[in-house]
Amino acid sequence: MRAISPQRFSVSAFRRLSSHAAARVDNHRQCITGPTNHTSHLHTEKTEPLISLIKSTSSKPHLLQIHAHLIRNSLFQHPIFFSPFLFGIALHPLHDLGYACRVFSKFSKPDVFQYNIMIRAYGMSDSPGNGFMLYQEMLRSGVSPNSLTSSFVTNCCIKSGSLFGGLQIHARILRDGHQSDGRLLTTLMDFYSSNERYTEACKVFDEMSHRDTIAWNVLISVYMRNRRTRDVLGVFDMMQSSYDCQPDNVTCLMLLQACANLNALAFGERVHRYCEEHGFDKAMNICNALITMYSRCGCLEKAFEVFKGMTEKDVVSWTAMISGLASNGYGRDAIEAFREMQSAGVSPDDQTFTGVLSACSHSGLLDEGRMFFNSMSKEFGISPNIHHYGCVIDLMGRAGMVDEAYNLINSMKVKPDATIWRTLLGACRIHHQADLGEQVIERLIELKAQEAGDYVLLLNIYSSLGDRGKVINVRKMMKDRGIQTNPACSTIEFRGKIHEFVANDFSHPRKTEIYEMLDEINQQLRIAGYVAETVAELHNVGTEEKQIALSYHSEKLAIAFAVLSTPPGTSIRVAKDLRICVDCHNFAKILSAVYSREVVIRDRNRFHHFREGRCSCNDYW
DNA sequence: GTAGGGTTAG
């Protein structure tokens, strides 16, 4: 959008100018017949000051005055005045769509530019669907859309969620030959992406003759929405090797998010260096994303380094740091940081409290957690949301107060979701509360949100109580209800690539070496006193088979791969999509001593740091 | 006689 200088409005100047312009038009009216083509006779030296006056006006009263004068002087129907006037009302600086609609409806024969203004304005409004309707009206009245029209109306379809409209527009783009417009195609990619038509979005990208940084960024956002996080990293390489465009700060922001999700520390460091080289590391959002990336990769020192180096820290920076400390098991430090933040004059918000409360729950700080939960609404006026309740329920549940936690859920002001019930179910598993566990499963069924993992938890409760009959029951229930168990997946980053493992996985190119290494590790750990935990965690095999199957859990395969492929003493960082099991927890703990390796496992819930045979996380197994 | 695309951190 063109910058408009905030010139002061002068009514007298306006009157002078508009009467001058009107006089010229009147002159010509005597010479010409019909309403068209009269603008060509207006002299630019007379019209330009008036147009720039229209453009520089930024208040509604002044625009109303201009409106009145345009009508009074028969200048309203002049596209030369009408276009900037409409632009000022519909887009910049007023955005008054109602007013713009009234003005637009009075205009006799809008051209493509004026339709575009209106369609664009609809795309920015609460009624984007009307933009598409106006587009159709425009086609009916015989005005040909240009590629900007397509761009604006596609935007309307994105905002209104109209797949059908967008498909029609795409067909028309091809018909009108606008497919060489890169910006338009970028919008189209975004349209397909927002409708979860990822294949089509990628196809549009593939067919682009020239791709700039923004087009690549949209491709990244397509991958992110489509959970193709691993492919995002490849895009960075492709962009860097392209000769005409380079990753920008937006690229880096999304890449850092991808690295955080993937536990891809080395890649994240590479992005960090890139940010430093290009001066992006001064930006607050990049720093905040870096803090999150480092803490999600279990590398708190680096997260803290970035945090310390920031000249200015906002609530997001503090919250990122607090949450990072919390998820890595440094509950007391997180609380300390929370106090420091307030001393620094930064007010906490709801997400800060999520961080603080999760710090309490991850470190088992029951009293502190309750205290923060109460002070949150009383002192800071923040009413608890579902995440806050979740933390407190987790905290109470882990501390063995399962009934109290259950009562709290029933007294919540917000409707409990599946995560809340699942949290309680986890507590039931820890404290062998089979009856309550059954009730929770019922709640999950009511919500139509039960997953295989929930049944596994219930199964493990019965299994730990030695109730074979109930175990068989649950298995039958799962079979009847068609509950599929998806294999858990562990990932590990090695030389900038993400390696994926599932239990009993035989697909890795180095599978033979990995299995041999795992057998070797098992032998060494048994010497040091490791005994495979077979009570819970598996549900469809006998004890002997259990021991075999347990020894090939995905995280163990990932660890064996790391031991095999990295020099002694290198830290092992594994990310797992589900919860780590008791046995793998023990396995990692003993391995950290026997192999003198720091092991960091990030599972669905938290981090588990193992060093010298100890676990920094508060394990309530 | 002019207008457009991506990310929005925790």
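Every chain is numbered from 1, with letters handed out A, B, ... down the list of sequences.
- Checked against B:dG4, B:dA9, B:dT7, the side chain of A:Ser147 finds its nearest nucleotide in B:dG4.
- When heavy atoms are screened at a 4.0 angstrom cut-off, A:Val218 is found touching the sugar-phosphate backbone but no base atom.
- The existence of a salt bridge linking A:Arg273 and A:Glu269 is excluded, since no basic side-chain nitrogen approaches an acidic carboxylate oxygen closer than 4.0 Å.
- If you take CG of A:Asn146 and P of B:dA3, they are 12 Å apart, rounded to a whole angstrom.
- Ranking B:dA9, B:dG5, B:dA3 by closeness to the A:Asn288 side chain, first place goes to B:dA9.
- The separation between A:Asp248 atom CG and B:dT8 atom P is 13 Å, rounded to whole Å.
- Here A:Asp96 does not pair with A:Arg102 in a salt bridge; the nearest charged N to carboxylate O distance is not below 4.0 Å.
- Among B:dT7, B:dA9, B:dA3, the nucleotide with an atom closest to any side-chain atom of A:Val316 is B:dA9.
- For residues 150-172 of chain A, proximity to DNA chain B is found at A:Ser151, A:Phe152, defined as any non-hydrogen atom under 4.0 angstrom from a strand atom.
- For the residue pair A:Ser83/A:Gln114, the side-chain donor-acceptor check at 3.5 Å is satisfied.
- Residues A:Ser363 and A:Gly329 come closest through the heavy atom pair OG-O, 3.6 Å.
- Across all strands shown, A:Leu290 has no heavy atoms under 4.0 Å from either base or sugar-phosphate atoms.
- Counting non-hydrogen atoms under 4.0 angstrom, A:Arg225 reaches the backbone sugars and phosphates but no base.
- Residues from residues 104-117 of chain A placing a heavy atom under 4.0 Å of any atom in DNA chain B, listed by number, are A:Asp111, A:Phe113, A:Asn116.
- The distance from atom CG of A:Asn261 to atom P of B:dA9 is 14 Å, rounded to the nearest whole Å.
- Out of B:dA3, B:dG5, B:dA9, the shortest distance to the side chain of A:Asp314 is found at B:dA9.
- Contacts of A:Met284 with the nucleic acid, taken as non-hydrogen atoms under 4.0 Å apart, include base atoms.
- A salt bridge between A:Glu196 and A:Arg225 is absent, with no side-chain N of the basic residue lying under 4.0 Å from a carboxylate O of the acidic one.
- Candidate nucleotides B:dA9, B:dG5, B:dA3 were compared by shortest atom distance to the side chain of A:Phe87, and B:dA3 ranks first.
- In this structure, CD1 of A:Ile119 is placed 13 Å from C1' of B:dG4, rounded to the nearest angstrom.
- The CE atom of A:Met254 sits 13 Å away from the C1' atom of B:dA9 (whole-angstrom rounding).
- Note on A:Asp212: a base of the nucleic acid sits closer than 4.0 angstrom, heavy atoms only.
- Residue A:His387 holds its NE2 atom at 8.5 Å from CG of A:Asp350, rounded to the nearest 0.5 Å.
- Near DNA chain B, meaning a heavy atom under 4.0 Å away, the residues from residues 345-354 of chain A are A:Asp349, A:Gln351, A:Thr352.
- When heavy atoms are screened at a 4.0 angstrom cut-off, A:Thr292 is found touching the sugar-phosphate backbone but no base atom.
- With hydrogens and angles ignored, the 3.5 Å screen pairs no side-chain donor or acceptor of A:Asn226 with any backbone N or O of A:Val222.
- Residue A:Ser323 places its side chain closer to B:dG10 than to any other of B:dG10, B:dA9, B:dA3.
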